[in-house]
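Here's the structure we're looking at; comments come further down.
Along the sequence shown, the residues carry numbers beginning at 1.
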Amino acid sequence: MTILVEQPEFGINEVEEKGIQKNERELVLDGGFSVPQANAFGQNFRDYDAESARQQGVENFYRTNHIYQTYDFVKKMREGYGKLDKVEMSIWECCELLNEVVDESDPDLDEPQIEHLLQTAEAVRKDYPNEDWLHLTALIHDLGKVLNLPSFGELPQWAVVGDTFPVGCAFDESIVHHRYFEENPDYANPAYNTKCGVYSEGCGLDNVLMSWGHDDYMYLVARGNKTTLPSAGLFIIRFHSFYALHRSGAYKHLMNEEDEQNLKWLQIFNKYDLYSKSKVRIDVEKVKPYYLSLIDKYFPAKLRW
């Protein structure tokens with residue numbers, strides 16, 4: 001089944017002078033990973049207002065994303081892609097496919113995604129050698145970006161990448177480029193624009209619809225193929241782009257006790273996901289046997305996508 005998504009065009013808008021504040025409650029980690037001072041462009045990480053070759057494109061991306069990520073759109077995407085009827089292939093084959101994808105929403109990196117996967121996984125492996133599920137989670141967390149490729153429907157980038165957020169309730173002001181939500185049909189809908197919207201306090205994030213993209217798709221793929229990764233691994237996969245939660249503390253009123261425990265692992269993981277974006281190259285053939293062994297441990301040989 002192929003799902004067609006219109007790709008609207010927008011002009012360039014003025015940059016909003018609004019930064020993303022670092023979460024003061026961020027976990028202090030004991031690992032040896034050293035946080036770099038600048039991203040691949042020599043600028044602060046996640047600075048969406050910094051002047052760069054990618055700034056205007058990133059902002060236009062978020063305008064489109066925020067207008068068209070509605071509750072009904074997400075339901076449609078989940079119903080279609082949740083059938084897992086696009087392709088059958090292994091995890092490693094999917095990793096290699098990601099060489100063809102560059103994330104247009106990311107102001108910190110313009111390298112092929114396979115480089116980021118291995119940088120993240122190897123950084124985690126160094127600091128947490130006994131948590132092999134976390135190594136594998138780091139390797140596969142972005143595999144859902146294959147949604148951008150023709151065999152997966154070639155969805156536009158705004159329906160594949162970028163920060164994620166709940167739909168069906170009010171859009172929190174901590175979400176990057178929040179002002180563009182004013183053009184989203186759900187913004188003025190009384191069923192969706194309250195603090196809880198269609199949800200209830202403490203309902204658990206499993207019951208919350210997130211904006212559609214690679215996070216939710218890879219979560220559906222892993223769960224649908226009966227992975228044996230722990231719940232924390234699945235939580236990381238589904239919510240690693242949910243910066244409003246794990247950086248700003250928004251939407252915690254929707255969480256349950258299991259979410260609270262899993263969030264601790266996500267906050268650990270996020271450090272490596274965000275700051276491992278560098279020009280350091282990984283010897284793929286050297287590390288490949290290790291990751292293949294983890295794939296065999298936690299996934300079937302072939303997956304439905």
Evaluate the criterion side chain to side chain donor-acceptor pair (under 3.5 Å) for residue pair Trp133 and Glu131; output intermediate values, then yes/no.
-> CA-CA 5 Å; Trp133 65 269; Glu131 306 292 346; 2.8 Å; yes

Using the side-chain hydrogen bond (donor to acceptor under 3.5 Å, both in side chains) rule, collect all pairs that involve residues 282-302, keeping only residues at least two apart or in two chains.
-> Glu93-Lys302, Glu122-Tyr291, Asp132-Lys297, Asp132-Tyr298, His135-Tyr290

Please report the shortest heavy-atom distance between Gly82 and Leu220, naming the atom on each side.
-> CA-CD1, 4.2 Å

Are a donor atom and an acceptor atom from the side chains of Asn270 and His240 found within less than 3.5 Å of each other?
-> no

Of Trp212, Tyr180, Trp158, which is the lone residue that meets ring pair (Phe, Tyr, Trp, His ring centres under 6.0 Å) with Tyr68?
-> Trp158

Does any pair with a residue in residues 184-210 pass ring pair (Phe, Tyr, Trp, His ring centres under 6.0 Å), and if so which ones, sequence neighbours excluded?
-> Tyr71-Tyr192

Does Ser241 have any side chain to side chain donor-acceptor pair (under 3.5 Å) partners at least two apart in sequence or in another chain, and if so, which?
-> Asp215

Which is it for Asp259 and Asp206 under the side chain to side chain contact (heavy atoms under 4.5 Å, CB included) test, yes or no, and what are the steps along the way?
-> CA-CA 9 Å; Asp259 294 331; Asp206 270 350; 5.6 Å; no

Any side-chain donor paired with an acceptor under 3.5 Å for Asp72 and Thr70?
-> no

For the pair His66 and Phe165, name the ring-plane relationship: parallel under 30°, tilted 30 to 60°, perpendicular over 60°.
-> perpendicular

Carboxylate-amine/guanidinium proximity below 4.0 Å for Arg179 and Glu59 = yes

What one should report as the nearest heavy-atom pair of Val74 and Ser211 is CG2-CA, 3.9 Å

Return yes when atom CD of Glu257 has more than 12 non-hydrogen atoms of other residues, nucleotides or ligands closer than 6.0 Å, and no otherwise.
-> no

